[in-house]
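Reading through the structure tokens given below for one structure.
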Protein chains: 4
Amino acid sequence: MPTVPAFKRLPRAVREQQMLDAAVKVFSRRGFHAASMDEIAEDAGISKPMVYAYLGTKEELFVACLHREGTRMMQAIAGAAAPDLPADIRLWRGLRAFFGFVGAHRDGWAVLYRQARGEQPFASELATMRARLVEVVAGMLDHALRAEGRELAAIDLEVVAYALVGATESLADWLADHPEADPEKTATRMMNVAWLGAAQLLHGVTWRPPAD
Amino acid sequence: MPTVPAFKRLPRAVREQQMLDAAVKVFSRRGFHAASMDEIAEDAGISKPMVYAYLGTKEELFVACLHREGTRMMQAIAGAAAPDLPADIRLWRGLRAFFGFVGAHRDGWAVLYRQARGEQPFASELATMRARLVEVVAGMLDHALRAEGRELAAIDLEVVAYALVGATESLADWLADHPEADPEKTATRMMNVAWLGAAQLLHGVTWRPPAD
Amino acid sequence: MPTVPAFKRLPRAVREQQMLDAAVKVFSRRGFHAASMDEIAEDAGISKPMVYAYLGTKEELFVACLHREGTRMMQAIAGAAAPDLPADIRLWRGLRAFFGFVGAHRDGWAVLYRQARGEQPFASELATMRARLVEVVAGMLDHALRAEGRELAAIDLEVVAYALVGATESLADWLADHPEADPEKTATRMMNVAWLGAAQLLHGVTWRPPAD
Amino acid sequence: MPTVPAFKRLPRAVREQQMLDAAVKVFSRRGFHAASMDEIAEDAGISKPMVYAYLGTKEELFVACLHREGTRMMQAIAGAAAPDLPADIRLWRGLRAFFGFVGAHRDGWAVLYRQARGEQPFASELATMRARLVEVVAGMLDHALRAEGRELAAIDLEVVAYALVGATESLADWLADHPEADPEKTATRMMNVAWLGAAQLLHGVTWRPPAD
DNA sequence: GATGAATGAGCGTTCATTCAT
DNA sequence: CATGAATGAACGCTCATTCAT
């Protein structure tokens, strides 16, 4: 009479999480195309038809992984900094949370993310998430600028934010590839890249191309 | 006595370029996995066995594409700035050349590059190229720092350079996705992100995490 | 003390009819192979294992459908004409009943029938029904012939009857495909095909191949 | 140094016929759905991908079979009777040719044909052929009627012709199921069904439903 | 040198069918 | 009585790759 009801016949919700765990693992290890539904099913300790019954097609399964991991990451970041704090504190806490998350999910999100960037069908799903991040960062910059009585065109804000997000993603890749690296330290380095430049912008300093 | 006007029987070097052109086109349009050797051969106006004879397996073919396009890009960048110019000028000219190249090869390199990031087999090939860029950027920073009598640990230099390269790649993606965007303007924006922060570093300003 | 108003727990016979209704509908719409037990169960508002418990395997279920619909049709025909009427009246009433039935069950029997003709496992079930019809028609012909003092070999009778049944089935298909067509008019047309020829036979007129 | 070039590497046209032969055989034996591409390929002595390369999808393959056999049959019928002969002679020769063809291809066309009737995707392909036959038969009737100074509404002509074609198909089924039966004799019987009635029509005799 | 012909291997997907609850 | 959970077994299809000519 074990507490855990049995070994099999688990409720749907549980099985779905098992499958997603396995899928994240296999997609990460092999990449989307090289991953086989057989391996995912086997890794989840379940037969293939169950995967199709619960999570659908291979693409849908991948999107489900993307979704779960993305949501988790967004929550980790969102819960890190209250919106009423100063911009640098918010940025720092957000970055720290982000790199902390990536460091703790090296096999999961970071690699999933790398997969998704390359495959067309998932570009949009990803673009949505990145767009949210870009928007948040641009909003922070805009807020701080206005507090200083300055302003930047929307497109410039967006591109700068885009670049910062890109730099962050890049360092996340670097972190995922360097298992011994410290997430917090990486966040500090990112701050040095991001904030020093941003602070200049806040003070009205800009760079202009030379005459040539 | 060949009366056939020598349409076929082209010298090997020419054929190889035709194949690479076709391969870049197809890989870009379809992505690595969705691309089929059949389509590449047909697009090159040649039979499949010839592709195998000249450029080898599908992976090798992709690497060859990567290689050719990468080399072209590196040359475009390298030729843009003499190494004895000041760091900001070198950086600016390099970025301008880079974004100019990407803008002119939106369908080619940019997409190839995006493909390569996601597929494990090509990570190394790509990592090598990126490492060269990181090294160059880190070298420029180091050089400029020392000119100011300052110094940064190698790892810090590398990570900062890595972040800048990542931001640049990100904007290259953005550029590839916005056909109407101006490469030079994009380069200017990147300079505003990169140089303002870097200049701070040169003057000894750094950001440190708060006590929290 | 069941307060639940007895929505479920219906008596077996009722459930079986629900299932058969659903099965006929789905088999008609999709065809035997394309029909899935899932859809049938869902359409019947019941779980799949119940279908298996009550009506057995997919093939058995199909046969059950065939059986029910076939019996209904046979009854409709059989009740249409008393056996002591003249042959032409019996034939007319039988045809009228048949086309009436098909017209009223376009989605049911007609399609079921078309399905069954093509799938080997059900050929026999169908052949039995058709054989009964052929026998009846042949019997009518024989009876009428003998009343005229004539006779036809059993095999000839059978083949002629077979052809008439075939023509009738064909027109039933035609009727099922032309929802606006009138069953009674179709029956009249069939009589014109069947009876004019048969009447000739009754008067001893036969066709013989030319010398050629 | 055999006259037949080799065992393998046959030209495409030859292989296609081999495949069609095998496909007709397997489709006939198993039915469309139960037939597997593996079995067809194996029976043709070739690997599966070749089948897909040359003849396409399973459905396309089936249509190709239908097409080849149908064309052969139509040619057999068309070549049997010159259009300037009297209607009964034309009908007789056409039927004789048809039953001769079916009798000679019991395993091929007749069974294929039965398959096609049931499966929706092929209904149209088949309907086209049947429509051609119906048109020819209706044309013959119309021609003969006008020669007698009579006329029938187009719809009536069509339905009568449809019934005759249906009766013929039915006897073809019967013939296919009775390997010992004689095709010519079957044709004669069909003439007795078809022509005796048709001749009545030609003489203005029609059947009308009784008052009831 | 160049190609049409050919294949081994594998993957995504579906479905009828049955336990265990 | 009734069902959600689970699976074995196939099947259609594709593709990179290689002979034989």
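Just so it is clear, the model here is predicted, and its values are computed rather than measured. Lettering follows sequence order; numbering is per chain, from 1.
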- The dot-bracket string of DNA chain F, counting Watson-Crick and G-U wobble pairs with both distances under 3.5 Å, using [ ] for crossing pairs and | for pairs to another strand, is .||||||||||||||||||||
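Comparing B:Ile46 and D:Ala53, the nucleotide of DNA chain E nearest to each residue sits closer to the 5' end for B:Ile46.
Residues passing the salt bridge (Lys or Arg N to Asp or Glu O under 4.0 Å) test with A:Arg130, sequence neighbours excluded: A:Glu169. Looking at residues two or more places apart in sequence or on another chain, you find a salt bridge (Lys or Arg N to Asp or Glu O under 4.0 Å) between B:Glu16 and B:Arg12. Looking at residues two or more places apart in sequence or on another chain, you find a salt bridge (Lys or Arg N to Asp or Glu O under 4.0 Å) between B:Glu39 and B:Arg29, B:Arg30.
An OP1 or OP2 oxygen of F:dA2 is reached within less than 4.0 angstrom by a side-chain nitrogen or oxygen of C:Arg15. Taking 4.0 angstrom as the limit, B:Tyr54 places none of its side-chain polar atoms (N or O) nearer than this to OP1 or OP2 of E:dG1.
Within the 4.5 Å cutoff, the side chain of A:Phe62 has heavy atoms near those of the A:Gln115 side chain.
Atom-to-atom, CE of C:Met50 to C1' of F:dC1 comes out at 6 Å; the value is rounded to the nearest Å. Spacing between atom CD1 of B:Ile40 and atom P of F:dC15 amounts to 12 Å, rounded to whole angstrom units.
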Compile the donor-acceptor pairs under 3.5 Å between side chains in residues 40-52 of chain A and protein atoms, sequence neighbours left out, one pair per line.
from	atom 1	to	atom 2	distance (Å)
A:Asp43	OD1	A:Lys25	NZ	3.4
A:Asp43	OD2	A:Lys25	NZ	3.4
A:Lys48	NZ	A:Asp38	OD2	3.2

Could you list all N or O pairs between the protein and nucleotides 13-17 of chain E that sit under 3.5 Å apart?
from	atom 1	to	atom 2	distance (Å)
E:dT13	OP1	A:Thr57	OG1	2.7
E:dT13	OP2	A:Tyr52	OH	3.0
E:dT13	OP2	A:Thr57	OG1	3.4
E:dT13	OP2	A:Lys58	N	3.0
E:dT13	O4	A:Lys48	NZ	2.7
E:dA16	OP1	C:Ala35	O	3.1
E:dA16	OP1	C:Lys58	NZ	2.8
E:dA16	OP2	C:Met37	N	3.1
E:dT17	OP1	C:Thr57	OG1	2.6
E:dT17	OP2	C:Tyr52	OH	3.1
E:dT17	OP2	C:Thr57	OG1	2.9
E:dT17	OP2	C:Lys58	N	3.0
E:dT17	O4	C:Lys48	NZ	2.6

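Distance from the side chain of B:Ser47 is smallest to E:dT3 among E:dA20, E:dT7, E:dT3.
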